Amino acid sequence: MFLLARTGALDGGRATTSWFLAAELQARHPAITVEPDKILVRHGRTVTGGASLAHVDVMLAAIEMLTGSDVADLCARYQLIDRRTSQRPYMMLTVLIADDPDLVHAHDWIVSNLRRSFTTADLADAVGLHTRTLARRLQRATGLSPQAFVQYIRTDTALTLIRSGTTAEAAAHRVGYADASSLRRAIRRRETGRTSWSTPGHRPDSGQGTVSPRE
């Protein structure tokens with residue numbers, strides 16, 4: 001993707017790449033609108049994908065463009081290919097923030113305070129940053145607003161607990177949700193893209209809101 005971007009072929013268009021490289025691609029090529037949460041991005045006659053199976057995703061997209069979705073779905077079923085639409089469920093925040101000690105501190109503070117309600121200002125104070133500075137650095141590193149960053153950590157922790165045998169209800173309470181239904185809705189929003197995820201390089205909000213998950 002980086003080689004293609006250097007040719008200028010993607011300038012003025014939209015593209016994607018592996019989630020852990022999206023911020024770097026955007027920084028090096030600001031003329032491209034990078035969409036880090038997408039498995040595939042189609043812009044004009046260009047199709048881009050991310051991660052090690054990008055060639056498979058692009059192949060299915062090409063088949064769909066040439067022959068229709070029915071044939072593409074049939075090929076996917078024969079080859080046992082899961083037609084994923086989002087990279088969100090695979091994103092690891094600890095990888096994205098590893099180079100910023102303040103964001104690592106913010107992550108650790110959130111993990112230690114999952115059960116309680118707090119505002120973005122509380123989080124910023126805990127790590128010694130202004131709320132706008134925190135929002136800007138989070139957006140640059142992860143593409144997430146402060147509120148979405150907190151909710152991602154809550155849901156990620158809950159999913160880990162559930163996979164280890166904890167009930168959904170117990171996991172929900174341990175990460176601060178009112179009940180299992182609230183947790184399921186949060187996970188659904190995360191996986192379908194209905195959270196505050198913006199393209200790296202876009203201006204973030206001030207992030208003053210409360211980030212309590214309770215509903």
Side-chain angles (χ1 to χ4, degrees), residues 1-3 5-6 15-30 32-39 41 48-54 84 86-116 118-164 174-176 186-187 189-191 193 195-207 211 213:
M1 190 63 61
F2 284 80
L3 289 175
R6 287 182 62 182
T16 190
T17 187
S18 301
W19 58 266
F20 54 92
L21 297 173
E24 182 67 22
L25 180 63
Q26 186 69 84
R28 292 191 188 186
H29 303 282
I32 304 171
T33 299
V34 180
E35 300 185 5
D37 58 327
K38 301 292 181 58
I39 291 288
V41 169
T48 55
S52 59
L53 294 179
R84 302 151 295 140
S86 175
Q87 297 191 55
R88 284 175 182 263
Y90 308 96
M91 187 179 86
M92 292 185 287
L93 293 182
T94 52
V95 173
L96 295 175
I97 65 175
D99 292 332
D100 190 324
D102 290 328
L103 297 188
V104 172
H105 185 188
H107 177 279
D108 293 345
W109 188 88
I110 292 166
V111 170
S112 297
N113 291 274
L114 286 176
R115 290 179 180 234
R116 58 172 288 225
F118 53 87
T119 66
T120 301
D122 293 331
L123 175 59
D125 287 343
V127 297
L129 297 175
H130 190 279
T131 53
R132 289 186 180 274
T133 302
L134 175 64
R136 184 172 60 253
R137 285 166 65 172
L138 273 175
Q139 191 277 334
R140 184 171 63 239
T142 69
L144 293 170
S145 70
Q147 293 90 340
F149 182 69
V150 173
Q151 299 303 339
Y152 200 101
I153 293 171
R154 291 189 194 274
T155 54
D156 210 42
T157 303
L159 288 169
T160 299
L161 290 170
I162 291 169
R163 294 186 190 108
S164 67
R174 285 179 63 175
V175 300
I187 293 172
R189 285 194 296 269
R190 160 180 159 169
E191 294 185 348
T195 55
S196 302
W197 181 311
S198 59
T199 303
H202 285 191
R203 181 180 178 181
D205 59 30
S206 60
V211 288

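Please read these numbers as outputs of a predicted model, since none were measured by experiment.
Taking CG of Asp125 as the reference point, atom NE2 of His130 lies at 9.5 Å (rounded to 0.5 Å). Note that the CG atom of Asn113 and the CG atom of Asp108 stand 11.0 Å from one another [nearest 0.5 Å]. The OG1 atom of Thr157 lies 9.5 Å from the CZ atom of Arg174; values are rounded to the nearest 0.5 Å.
Counting only distance, with no hydrogens or angles, the side chain of Tyr90 and the backbone of Trp19 share no donor-acceptor pair below 3.5 Å. Of the possible polar contacts, none joining the Gln139 side chain to the Leu144 backbone as a donor-acceptor pair under 3.5 Å is found. The backbone N or O of Leu21 lies less than 3.5 Å from no partner atom in the side chain of Ser18, so there is not a single donor-acceptor pair. Using modelled atom types, one side-chain atom of Ser86 and one backbone atom of Asp37 make a donor-acceptor pair closer than 3.5 Å. A side-chain donor-acceptor contact under 3.5 Å links Asp122 to the backbone of Thr119.
Using a 4.5 Å heavy-atom cutoff, the side chains of Thr16 and Gln87 are in contact. Phe118 has its side chain within reach of Val150: a pair of non-hydrogen atoms, C-beta onward, lies under 4.5 Å apart. The side-chain heavy atoms of Val104 and His107, taken from C-beta on, include no pair separated by under 4.5 Å. No side-chain heavy atom of Tyr152 sits under 4.5 Å from any side-chain heavy atom of Thr142.
With a 6.0 Å radius and a threshold of 12 heavy atoms from other residues, nucleotides or ligands, Arg84 has its CZ atom above the threshold.
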Requested in this report: Output, in order, the C-alpha distance, side-chain angles, deciding distance and verdict of side chain to side chain contact (heavy atoms under 4.5 Å, CB included) for Leu123 and Leu134.
Outcome: CA-CA 9 Å; Leu123 175 59; Leu134 175 64; 3.9 Å; yes
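For the pair Arg115 and Arg154, the tightest heavy-atom approach, listed with the atom from each and the gap, is N-NH1, 4.4 Å.
Each of Leu25, Ile32, Thr48 was compared with Thr17 under the side chain to side chain contact (heavy atoms under 4.5 Å, CB included) criterion, and only Leu25 meets it.
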